[in-house]
Amino acid sequence: MTPPNHILITGASGGLGGALARQYAAPSRSLLLWGRDAARLEGVAAACRAAGARVVIRMLDLSDSGAAISALDEDDATNAIDLAIFAAGLGDTRAPGALVEDAAQVARLALVDFVAPAALAAALADRMARRGGGGIVLIGSAAAFHALPFAAGYAGSKAGLARFAEALRIGVKPHGVRVTLVSPGFIDTAAARRTPGPKPFLMRPADAAARIARAAARGQAHAILPWPFVWLRWFDRLLPRALRDRLLLSLTPPEV
Ligand SMILES: NC(=O)c1ccc[n+]([C@@H]2O[C@H](COP(=O)([O-])OP(=O)(O)OC[C@H]3O[C@@H](n4cnc5c(N)ncnc54)[C@H](OP(=O)(O)O)[C@@H]3O)[C@@H](O)[C@H]2O)c1
């Protein structure tokens with residue numbers, strides 16, 4: 001597969017997205033970096049320019065999926081995107097003492113973690129299929145495979161994204177478009193630090209970005225990282241429901 005030259009990364013102002021931008025920054029590359037926080041986005045853009053990449057930044061709120069699709073159409077029409085990594089996302093757990101997550105927050109999670117990446121990936125996959133190729137990476141979460149009672153909105157949105165990614169991958173593969181779902185465990189970013197509880201097998205953002213770039217280059221269908229989360233997924237699937245429910249309840253961090 002030819003290395004991608006024109007790359008879109010959403011969530012580039014964040015921990016993982018910023019590491020991905022740095023991972024791909026090189027003299028032959030043109031990076032399109034999306035985010036909301038201007039200062040952090042400019043910081044990442046400056047580091048990528050110092051590594052020789054051409055960089056264009058765009059500030060937008062992905063909870064407005066209509067505006068995001070228009071922005072994508074505009075950016076792709078200006079310069080055809082070879083690889084898009086949809087890394088923007090919101091993490092959340094229910095508020096301390098609450099029985100369930102706040103309804104408005106569940107709606108926000110669904111918009112940012114499912115609606116926006118799915119709609120953008122659909123729009124871009126269609127454009128890529130018409131020109132005969134491209135790569136799309138959707139950053140999900142290992143949480144998609146576990147019914148976390150303290151983060152139902154997050155786990156549910158990421159589970160939706162995982163199923164969407166699989167279906168999209170199968171549909172567009174014959175047209176030369178590779179779709180990769182990435183399901184990380186814990187990555188040491190601001191979002192992870194805001195989440196209470198232990199974080200086993202915590203990855204450095206740069207290591208996660210390197211793994212993701214390898215998976216994208218191979219056109220891997222699904223990358224679960226790091227590897228213990230592959231076993232956890234099977235463990236969850238094989239455990240009898242009553243036992244699994246008790247275990248998941250007992251995993252609820254004490255702060256939540
Ligand atoms: N860190 C982990 O342990 C972990 C584990 C599994 C999966 N993930 C996934 O990895 C991805 C990156 O997370 P991270 O750890 O790098 O978190 P992060 O450092 O908090 O970065 C999140 C990024 O998403 C952007 N974002 C959030 N809401 C947005 C919105 N409404 N519109 C536009 N952009 C928005 C943020 O933009 P601004 O900062 O500019 O607002 C930021 O660039 C997410 O999809 C997350 O679910 C992370």
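Counting starts at 1 for both ligands and their atoms, following the listed order. Only heavy atoms go into these numbers, but all of them, side chains included; no hydrogens, no water, no symmetry mates.
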Checklist entry - Arg40 to ligand 1: N or O pair under 3.5 Å? => result yes
Next on the checklist: Using a plain distance cutoff, I'd like to know if Gly89 has any nitrogen or oxygen under 3.5 Å from a nitrogen or oxygen of ligand 1.
Outcome noted: yes
So is [X] close enough to ligand 1, meaning a heavy atom under 4.0 angstrom away?
X: Gly185; result: yes
X: Tyr154; result: yes
X: Asp113; result: no

Looking only at protein heavy atoms, which one is nearest to [atom], and how far off is it?
atom: atom 16 (O) of ligand 1; value: Leu16 N, 2.8 Å
atom: atom 35 (C) of ligand 1; value: Arg36 NE, 3.8 Å
atom: atom 31 (N) of ligand 1; value: Asp61 OD1, 2.8 Å
atom: atom 12 (C) of ligand 1; value: Ala87 O, 3.1 Å

Next on the checklist: For Arg194, which part has a heavy atom under 4.0 Å from ligand 1: side chain, backbone, both, or neither?
Outcome noted: side chain
Check: residues 206-214 side-chain donor-acceptor pairs under 3.5 Å, at least two apart:
residue: Asp207; atom: OD1; partner: Arg204; partner atom: NH2; Å: 3.0
residue: Asp207; atom: OD2; partner: Arg204; partner atom: NE; Å: 3.0

Checklist entry - ring pair (Phe, Tyr, Trp, His ring centres under 6.0 Å) with His175: which residues, sequence neighbours excluded? => result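 In terms of ring pair (Phe, Tyr, Trp, His ring centres under 6.0 Å), with neighbours along the sequence ignored, His175 is linked to no residue.
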Checklist entry - Hey, what's the ring geometry for Phe201 with Trp227, parallel, tilted or perpendicular (30° and 60° as the breaks)? => result tilted
Item to check | Nearest heavy-atom neighbours spanning Ser65 and Val115 | outcome: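 Distance-wise, the nearest heavy atoms are OG-CG1, 3.9 Å.
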Checklist entry - Nearest non-hydrogen atom to atom 2 (C) of ligand 1 belongs to which of Ile187, Ile85, Leu202? => result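 Selected option, by shortest heavy-atom distance: Ile187.
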